[in-house]
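Take a look at the structure set out below.
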Number of protein chains: 2
Amino acid sequence: MEYDVYIQTCPTRMVLDRLADKWAVLVLGRLDDKPVRFNQLKREIDGISQKVLSQVLKKLERDGLVSRKVFATVPVTVEYAITPLGRTLTATVDALRRWAEDNIETVLAAQQKYDRAAD
Amino acid sequence: MEYDVYIQTCPTRMVLDRLADKWAVLVLGRLDDKPVRFNQLKREIDGISQKVLSQVLKKLERDGLVSRKVFATVPVTVEYAITPLGRTLTATVDALRRWAEDNIETVLAAQQKYDRAAD
DNA sequence: TTAACATGGTTTCATATCGATACCAAGGAG
DNA sequence: CTCCTTGGTATCGATATGAAACCATGTTAA
């Protein structure tokens with residue numbers, strides 16, 4: 001069986017679509033160290049809405065990258081953790097975040113140059 | 001100056017949003033070897049529309065990751081190539097694609113297990 | 001000669017996804 | 001009795017997306 005993300009109907013394309021997502025990258029980055037609860041994630045990932053966070057977590061859980069654990073406290077506590085499979089991915093998504101932080105000044109300079117040239 | 005992708009207004013967040021995108025990953029992957037023309041990219045990236053391809057290329061060019069070169073042939077030829085800055089990123093986005101291709105079977109198994117459990 | 005196809009786009013429009021907000025149940029604190 | 005917490009879901013308007021048509025220019029096929 002041949003898999004190729006450049007073919008639209010290949011299942012790898014759907015996986016890439018899930019991973020190549022701003023929110024998925026940020027969620028996986030936060031879960032890398034330790035399990036985190038829902039509302040703590042929401043507070044730490046500035047700008048994410050409750051709806052989108054719950055959707056992203058559900059999809060990551062379905063893909064086997066994140067596990068969900070409910071504690072019968074009051075109010076109920078839900079803890080999300082990265083799975084062994086998810087852990088094989090964190091180095092890669094971390095690299096994306098680091099690239100953005102390391103090269104932001106170069107990118108901003110390129111944008112300004114591009115925008116000036118378009119006068 | 002402190003940059004942090006977890007802060008909504010940080011410019012790194014916008015860069016991450018651009019890179020953490022299915023189409024951007026696929027475009028950068030195709031340009032890694034050699035410059036490619038617009039319609040060749042469109043043919044090779046199965047399922048991308050002309051509009052989205054031109055938008056993605058424009059944004060990647062603005063960010064300084066891709067360069068655009070017009071040749072005065074008939075009909076006009078437009079060639080897109082990766083820049084030195086873009087090249088510092090290709091290893092990372094390649095890793096994302098490779099992860100998807102290497103782990104697809106594990107992910108598909110996890111999805112089936114999740115879906116069965118939800119019956 | 002006229003129709004079709006190539007180039008690299010932009011425009012249009014209908015739909016899908018997004019984010020903000022409100023709402024929910026269940027209980028603790030004031 | 002009301003507000004706050006937990007972890008969500010429901011609703012709704014704004015935004016982004018994808019399919020398709022359109023554009024100019026010129027070459028080739030019928």
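Numbered from 1 within each chain, the chains take letters A, B, ... in sequence-line order. Computation of the quantities below employed the complete heavy-atom set of this structure, encompassing side-chain atoms and omitting hydrogens, waters and symmetry-equivalent molecules. All of these numbers come straight from a predicted model, not from anything done at the bench.
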Spacing of Q40(B) atom CD relative to dG9(C) atom C1', expressed in whole Å: 17 Å
Validation row: F71(B), E79(B) side chains within 4.5 angstrom (heavy atoms): yes
When all nucleic acid strands are considered with a 4.0 Å heavy-atom cut-off, which category describes F71(A): base, sugar-phosphate, or nothing? nothing
Pick base, sugar-phosphate or nothing for K51(B), based on heavy-atom distances below 4.0 Å to the nucleic acid. base
Between E105(B) and Y3(A), does any side-chain donor sit less than 3.5 Å from a side-chain acceptor? yes
In whole angstrom, what separates Q55(B)'s CD from dG9(C)'s P? 12 Å
At the 4.0 Å heavy-atom cut-off to chain B, mark where contacts on DNA chain D begin and end, going 5' to 3'. dT17(D) to dG26(D)
For residues T12(B) and D4(B), determine if any side-chain heavy atom of one lies less than 4.5 Å from a side-chain heavy atom of the other. no
For the atom pair OG (S67(B)) and CD1 (I82(B)), what is the distance rounded to the nearest 0.5 Å? 9.0 Å
For Q8(A) and Y80(A), find the nucleotide of DNA chain D closest to each by heavy atoms; which residue's nucleotide sits nearer the 5' end? Y80(A)
Is the backbone of V5(A) close enough, under 3.5 Å, to the side chain of E101(B) for a donor and an acceptor to pair up by distance? yes
Atom-pair distance (NZ on K42(A); P on dT21(C)), nearest Å: 11 Å
Side-chain donor or acceptor of R30(A) paired with backbone N/O of P35(A) under 3.5 Å: no
Are K22(B) and R18(A) side-chain neighbours, meaning at least one heavy-atom pair lies under 4.5 Å? no
Does OP1 or OP2 of dG8(C) have a side-chain N or O of R43(B) closer than 4.0 Å? no
Tell me whether R37(A) forms a cation-pi arrangement with Y80(A), defined as NZ or CZ under 6.0 Å from the six-membered ring centre and within 45 degrees of its axis. no
Check nucleotides 26-30 of chain C for protein N or O atoms closer than 3.5 Å to its own N or O atoms and list the pairs.
none

